[in-house]
Each structure stands twice: as structure tokens, then as C-alpha cells.
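Note that these values count all heavy atoms, side chains included, but never hydrogens, waters or copies made by symmetry. Since this is a predicted model, take the numbers as computed values, not measurements.
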Amino acid sequence: MRKGEILWAEQALTTDGWQREVRIELGADGRIAAVESGCSAQGCPPQGHPPQGHLAQGDHTRGRQVGILLPAPVNLHSHAFQRAMAGLTERRGPDPRDSFWTWRRLMYRFLERLDPDEFESIAAFAQMQMLEAGFAAVAEFHYVHHQPDGVAYDHLSELSMRVVAAAAQTGIGLTLLPVLYRYGGCDGKPLEGVQQRFGNSLEGFARLREEVGAAVRGLDADARIGVAIHSLRAVDPEGLAFAAALAPRDPVHIHAAEQTAEVEEVEACFGARPVQWLLANAGVDARWCLVHATHMTPGETAGLAASGAVAGLCPITEASLGDGIFDGANHLAQGGRFGVGTDSNIRISLAEELRMLEYSQRLRDRARAVLAPPGESTGRTLFEAAARGGAQAAMRDAGSLAPGRLADLVALDAQAVDLASRQGDALLDSFIFTGGNAVITDVWSAGRHVVEEGRHVHHDAITARYLDTLGEML
């Protein structure tokens, strides 16, 4: 996981748009030191193409050559442990209508025997796949804290530290979001069964977050900690205010309006719909991420856009669970911000999350290219919005290819069949709608070169440990 490389790209998406023959210098601090375009076979000209930032002189061929270079987005919402459940919840149950709530019962059964070593192994495998899919960082929405019977581990933050240990193995950029979870519903009923693994008192949660912060500080400087409130079903207004106050300059995430039953329960209890209540009472601003926000009225959509908060969308999981379709067209038309996450991790793919987002809009509206402005590329619209929104949601100084930003980069194979002979925006359209993980060659996270030739640098060891874990669990 080296730092301090020099890259030379055939094409790169910079803050000045698409540039050809681009040379990028990565600093030892994990940030982009310089970007210069127009570098011919004879080198980078001193005039006519002024560099952005200082660039050391020398033959560009000394650097690593890549095909297409892009800023690598943040995966803004993940429950890493659910990766081991992928493919195991597709048998229809006895209920007349299978739903999120029947899926949740299966997830709880899976959690009844998951131990810390297994948790770490699964987290490392999921993070590795995120990197191989083109994500440079993850905001881990981490709500499993205790033993299966609800008793705390000797270290209150034991499972959080396992997520941190996984990030140390994989080199992924980590924004860890320990989750406050207090009740089994809006009526304040106590947590029961395996839900007791999630619960904390307010004081206990403050201690847990303090311990987690110390562990996160042991990673590279780009790692950070935020806070998450599970939902308005699981946390009362007092708890929400308490948790948010613990992180006055850090990201705050919350599940909001994922299911219609959730909306109805919150409205009956709070006298307002979830997003409506949050906008009116929680001080939602640019450091907030409302995950899912699937079921909103036009007024809520406008309010969320105006708040500056990020809508955290997980289109594959939302489709898998039958959640519904986010109103992306109106959200973007009003200046709203979004990023994408892999949530349940049943399929980890940056391109496919963006593809599913756009295709869901097309199916609902019976139209094409719904999220792009007139005359613009759908792929570029989706990619740049997700890169900006994910960086904001994780409060990570990334999201664009420019000097001073963290070197979160993803390289695509310019010779891949689905990208061959394409230029500029057509590359992003092809990557998202016909390419996918297979065209990714390299990924850097804060300058750490974690994926080479399409594989994580520790792919075999992480995979072997994960397979051992599955053999013991299943």
C-alpha cells in the first residue's frame, strides 16, 4: 500500500473536465500534489498547459501508466456483516407478503451467533470488495455492539474495533459511524432478543464513541469518526439530540423513511412524517445524511434539498427489500445532493448502484435518461453527483481530482471491450451502463495503492479467511 506515486493517464476527469494525457503526482501525505494535462510523448510542456499545483519535472514515462482516471467515490452506507448473508434470504417465507420486515427476522437470526473474529473477517472481505468495485472509502453504519444476549464485551467497543482492524488490513478510507439504538419501536418498548446487541444507554453510548474514536485515530490521518442515529423508531428526540451533540463537527447519519410502515408508525407517534419531523426539529444541515429517504412528499423533497444534507441512496438494497423508489428527478432539479452506498452488501458494485438508481427512475416514469439535465450525459451526472455527495456525507476531503484533495482514485481499462474507442462522457456512460467491476484496474485510497490489475493487494489472504469463516458459520 504505497504512497507517493506518479501516474500518467490517457484520459482523466479533473475539476476542469475531461483532459487527455494527464500526469498526476501523489504526495506522501496521501493527497494529490499536482495535476498536469497535455503531456505528450516528449514530456509535459512548460507553457500552454499550466499545471495545477507544483509538479516535479522529468520524463512522464517514469510514472505508472493507467487508462482512464476518475475520482473514486465514498460508499456512504454499509452494514458490513450482512455481506455473509448475501444470497441466503431469497426463499419466500410463509407470510402472505414477503417484505423488509420478514427479511429483518432472518437477519436477526443470523446475528444470534456472530462473534468478533467472524465479524472482523466479514468486514475485511466486504471492504476488499468495495475497493475492487471502485469505492475508495466507506461510511460504516455500525449498530452491532454487544454479545448475542446483550451483555457488553470486556471492551465496550469490541466490535467497532473489529471494523477498524478490518480497515487497517484493507487500506480502505474509513468514516466509522457508531449507532445509537435504544428502543424496539416508537412506543418506547424495550429491545428484545438479538436486538439487545444494538442497545446502549446515552451514557454508555458516549463511552463507546470515545473508545471508538481512540481506535480510529490509530489509522491513517484520513480516517474519522461520526455518529449515527438508527432511526426515529429506535431513538427518541432526547436521544437524537444527545447523539448529534456528541459530534458537533462530524457527520451525522440516520435511516429515514425507508418503508411505508415506518412512515406511518413515526407519523402516529410524532405527529409528523420522518423527514418532515427531522427537518423541523433536528437541525438538519450539510453534515447530515438521511439514508434512503425513500418515501417523501414534494414538500419534504424540497426541504431536504434546501437543507444541504445528503440523501444516502442504496438502490440495490432498496430494490432487494422492496423499499420503493427515491424521487431522484425532483430532488436533483431542486439542487439536492446524493451519494450511494451498498447497505446490505448483497452485491458490491459502484457502477451497478448508479445504474439501478437511474433504471428505477426510468421504470417509474417510463422515460429514458431521467436524472441527466437536457443534453447532458447520464453517466457523468450520476458519477460526479455521487462523488461529491459521498465525500460530503463522510466529511472526507475527496470527490474530485484536484491538487490538495485526498488521492481517492479509480482507474479503468481503456482497452476493455466496453470502453474501447470511447472518449470523455461516453466512458462514464459505458462504465455504468455496460461495464462495471470488470473494467476497474487500480484503486487508490488516500494514496494507498490498494487494488492493482483488478485485485486487492491482499485479495487471497482476506478471501481465504472469509471462506474459513463461512465454513464455520453456515
Side-chain angles (χ1 to χ4, degrees), residues 77-81 108 111-112 114-120 122-123 127 138-168 173-185 188-255 282-283 287-289 291 393-396:
H77 189 69
S78 163
H79 308 301
F81 75 90
Y108 284 173
L111 269 177
E112 286 175 350
L114 192 64
D115 69 29
D117 287 342
E118 293 165 341
F119 201 97
E120 180 180 330
I122 298 166
Q127 291 173 8
V138 62
E140 180 65 25
F141 197 102
H142 175 68
Y143 60 85
V144 185
H145 302 302
H146 308 307
Q147 299 181 61
D149 58 2
V151 175
Y153 290 99
D154 290 342
H155 292 287
L156 189 59
S157 62
E158 174 68 36
L159 293 180
S160 298
M161 289 191 290
R162 296 310 185 106
V163 176
V164 174
L174 179 65
T175 294
L176 185 55
L177 304 167
V179 177
L180 178 62
Y181 197 128
R182 300 200 68 199
Y183 305 114
K189 64 183 177 183
L191 300 176
E192 298 177 344
V194 75
Q195 283 186 325
Q196 294 176 91
R197 298 198 79 169
F198 315 153
N200 280 294
S201 67
L202 298 185
E203 295 76 12
F205 182 70
R207 292 198 306 274
L208 181 145
R209 187 175 182 274
E210 184 176 357
E211 285 187 16
V212 173
V216 169
R217 287 190 290 274
L219 296 173
D220 283 358
D222 59 294
R224 69 177 305 153
I225 184 172
V227 70
I229 298 101
H230 182 270
S231 61
L232 289 178
R233 289 183 292 108
V235 178
D236 59 16
E238 176 192 8
L240 186 150
F242 180 87
L246 291 175
R249 291 176 296 278
D250 299 314
V252 180
H253 290 216
I254 185 171
H255 289 135
R287 70 193 182 102
W288 283 69
C289 178
V291 181
M395 294 187 73
R396 185 172 176 84

Side chain of Arg182, backbone of Gly188: donor and acceptor closer than 3.5 Å?
-> no

Which of parallel (below 30°), tilted (30 to 60°) and perpendicular (above 60°) describes Tyr181 and Phe198?
-> tilted

Which is it for His77 and Leu177 under the side chain to side chain contact (heavy atoms under 4.5 Å, CB included) test, yes or no, and what are the steps along the way?
-> CA-CA 10 Å; His77 189 69; Leu177 304 167; over 6 Å; no

Do Pro116 and Leu159 have side chains that get closer than 4.5 Å, going by heavy atoms?
-> yes

Measure the OH-OG distance between Tyr143 and Ser231 for me, rounded to the nearest 0.5 Å.
-> 10.5 Å

Do Met395 and Arg287 touch side chain to side chain, with heavy atoms closer than 4.5 Å?
-> yes

dist Gln147:CD -> Leu114:CG (nearest 0.5 Å) comes out at 12.5 Å

Is a side-chain N or O of Glu140 found less than 3.5 angstrom from the main chain of Ala80, in a donor-acceptor match?
-> yes

Do the non-hydrogen side-chain atoms of Leu156 and His145 ever get within less than 4.5 Å of each other?
-> no

Could you tell me which residues satisfy ring pair (Phe, Tyr, Trp, His ring centres under 6.0 Å) with Phe205, sequence neighbours excluded, listed by chain and number?
-> none

For Ser157, enumerate each residue passing the side-chain hydrogen bond (donor to acceptor under 3.5 Å, both in side chains) test, keeping only those at least two apart in sequence or located in another chain.
-> Glu211

Donor-acceptor pair, Asp220 side chain versus Asp222 backbone, under 3.5 Å?
-> no

Check whether any side-chain heavy atom of Leu246 sits under 4.5 Å from a side-chain heavy atom of Glu210, and report yes or no.
-> no

Quick one: closest heavy-atom pair of Ala282 and Trp288, and the distance?
-> O-CZ2, 3.4 Å

Rounded to the nearest 0.5 Å, how far does CG of Leu180 lie from CD1 of Ile254?
-> 10.0 Å

What class does the angle between the rings of His79 and Phe81 fall in, given that below 30° is parallel, 30 to 60° is tilted and above 60° is perpendicular?
-> tilted

List the steps and the verdict of side chain to side chain contact (heavy atoms under 4.5 Å, CB included) for Glu238 and Leu202.
-> CA-CA 9 Å; Glu238 176 192 8; Leu202 298 185; 4.0 Å; yes

About how many Å separate CZ of Arg162 and CZ of Phe119, when rounded to the nearest 0.5 Å?
-> 10.5 Å

Could you grab the distance from atom OG1 of Thr175 to atom CG of Asp250, nearest 0.5 Å is fine?
-> 9.5 Å

Could you give the distance from CD (Glu158) to CG (Leu208), rounded to the nearest 0.5 Å?
-> 11.0 Å

Answer whether the closest heavy-atom distance between the side chains of Val179 and Ile229 falls below 4.5 Å.
-> no

Are the side chain of His255 and the backbone N or O of His230 linked by a donor-acceptor pair below 3.5 Å?
-> yes

Should Asn200 and His146 be marked as a side chain to side chain contact (heavy atoms under 4.5 Å, CB included) after you check the CA-CA gap, both sets of side-chain angles, and the distance that decides it?
-> CA-CA 9 Å; Asn200 280 294; His146 308 307; 3.2 Å; yes

Minimum heavy-atom distance Ile225-Gly213, with the two atoms named = CD1-N, 3.6 Å

Compare all side-chain heavy atoms of Pro251 with those of Arg224 and state whether any distance is below 4.5 angstrom.
-> yes

